[in-house]
Amino acid sequence: MYAPDHFFAPPEHITRAQLEASARLFSNDYQFAGRAPAPEQPVLCGHFNSLCLRPGLMLHAAQVRDLCDAHTHNPLRDAGLKIILLLDGATDVAFGPRRLALSARQGMLLNLAEPEMFSRRWQRGRHEAKVSLTLTRAWLQDSGAELGAALAGFAGRHLASQPWTPCPRAQQLARSLLAPSAASAGLRRLHLESQCLELAALALGALTPAPAPGLNAAERRRLAQLDALLREAPLEGLSMAELARAVASNPTSLQALARRAWGMSVFERLRALRLEQAHALLRQGASVAAAAELAGYSAASNFATAFRRRYGLSPSL
């Protein structure tokens, strides 16, 4: 396992050999498509590293500029939940068929239920400042993390993805993880681990959002009933009156409850759930047209816009 003496002290120019050495934490077969650069040829400018903080908890942090156009790929040994936060620049990567093109201050959670191929598209001159965490399911269980229904379901689906908007604290943690440290080796690793744990907790909140404050037990039950109805209901033909009667409420009170708990109207919640179902359908190999129809979009372009806003990638990728 690659673990350099100085975590963030690489040379200004990073050679192919140094890049491959760092990649060994995740894979033993890092390859350039086509003609590969010579081992001592600089391919990146900046600093980066990969580190296993403890079994099942891995950190990759990079603040680099591409020195060439290229396409690299390597099979990942370990399945796990990936937490990606791009602070600056842009990145274009893929896990198997799931391609992610992220821009500054975007985050993404991606689950690998099985080993998968990772690839990266390089672009000469492009810059990225990125932090990526890998949490294996064994680590989540051994750490005592409470796997709620949402997180357990997400961790059980291969290539499940969820965008998240990093809060200021998450961005601050990521910048700290990218910065050099003057601490001793032992304290540095302990400090890095504590920062990664806090960052992971903030990111996983995108899967398990805290319930709106002030909801009583009856409102929580009503909200759960409404959510179940929306997941099974047809997109067209619903009325607020019918939904309200089904959960022993009235249209005005139900809309107010939805906005307080979800920050959106009942039918905006329905549209969001349909996008989730369309996303799952696409992962199963369905066409974009079929997914758009399921989500209730008559125009594929409107569906693509909504899908990109929600998941950070095109439905056709």
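Enclosure of atom CZ in R77 by more than 12 non-hydrogen atoms of other residues, nucleotides or ligands within 6.0 angstrom is indicated. Annotation for R169: atom CZ counts as buried by contact number, over 12 foreign heavy atoms lying within 6.0 Å.
Contact annotation: the side chain of V43 never approaches that of T15 to less than 4.5 Å [non-hydrogen atoms, C-beta and beyond]. Looking at F303 and L275, their side chains come closer than 4.5 Å, going by heavy atoms from C-beta outward. Within the 4.5 Å cutoff, the side chain of D88 has no heavy atoms near those of the Q63 side chain. Contact of the I83 side chain with the V131 side chain is not registered, since no non-hydrogen atoms from C-beta on lie closer than 4.5 Å. The closest side-chain heavy-atom distance from N111 to L81 is below 4.5 Å. For the pair R120 and E128, the minimum side-chain heavy-atom distance is below 4.5 Å. Taking the side chain as every heavy atom from C-beta outward, L112 and T134 never approach each other to under 4.5 Å.
No salt bridge links K82 with E116; every basic N to acidic carboxylate O contact stays at or beyond 4.0 Å. Checked for salt-bridge contact, R16 and E20 meet the test: a charged N lies under 4.0 Å from a carboxylate O.
Judged purely by atom type and a 3.5 angstrom limit, T305 uses its side chain to pair as donor or acceptor with the backbone of S301. H127 contributes no side-chain N or O that, together with a main-chain N or O of G89, makes up a donor-acceptor pair within less than 3.5 Å. Judged by distance alone, the side chain of E114 and the main-chain N or O of A79 form no donor-acceptor pair under 3.5 Å. R222 places a side-chain N or O within 3.5 Å of a backbone atom of V247 that can act as its donor or acceptor partner. Distance alone, capped at 3.5 Å, places no donor-acceptor pair between the Q171 side chain and the L87 backbone.
Across I84 and W164, no two heavy atoms sit closer than the pair O-NE1, 3.6 Å. Contact record, M240 with P251: CE-O, 3.7 Å, taken as the closest heavy-atom pair.
From M117, atom CE reaches atom OG of S27 across 7.5 Å, with rounding to the nearest 0.5 Å.
Paired with Q195 under the rule side-chain hydrogen bond (donor to acceptor under 3.5 Å, both in side chains), one option of E198, E193, H191 passes, and it is H191.
Remark: R124 is not positioned above the aromatic ring of W122, lacking an NZ or CZ atom under 6.0 angstrom from the ring centre and at most 45 degrees off the axis.
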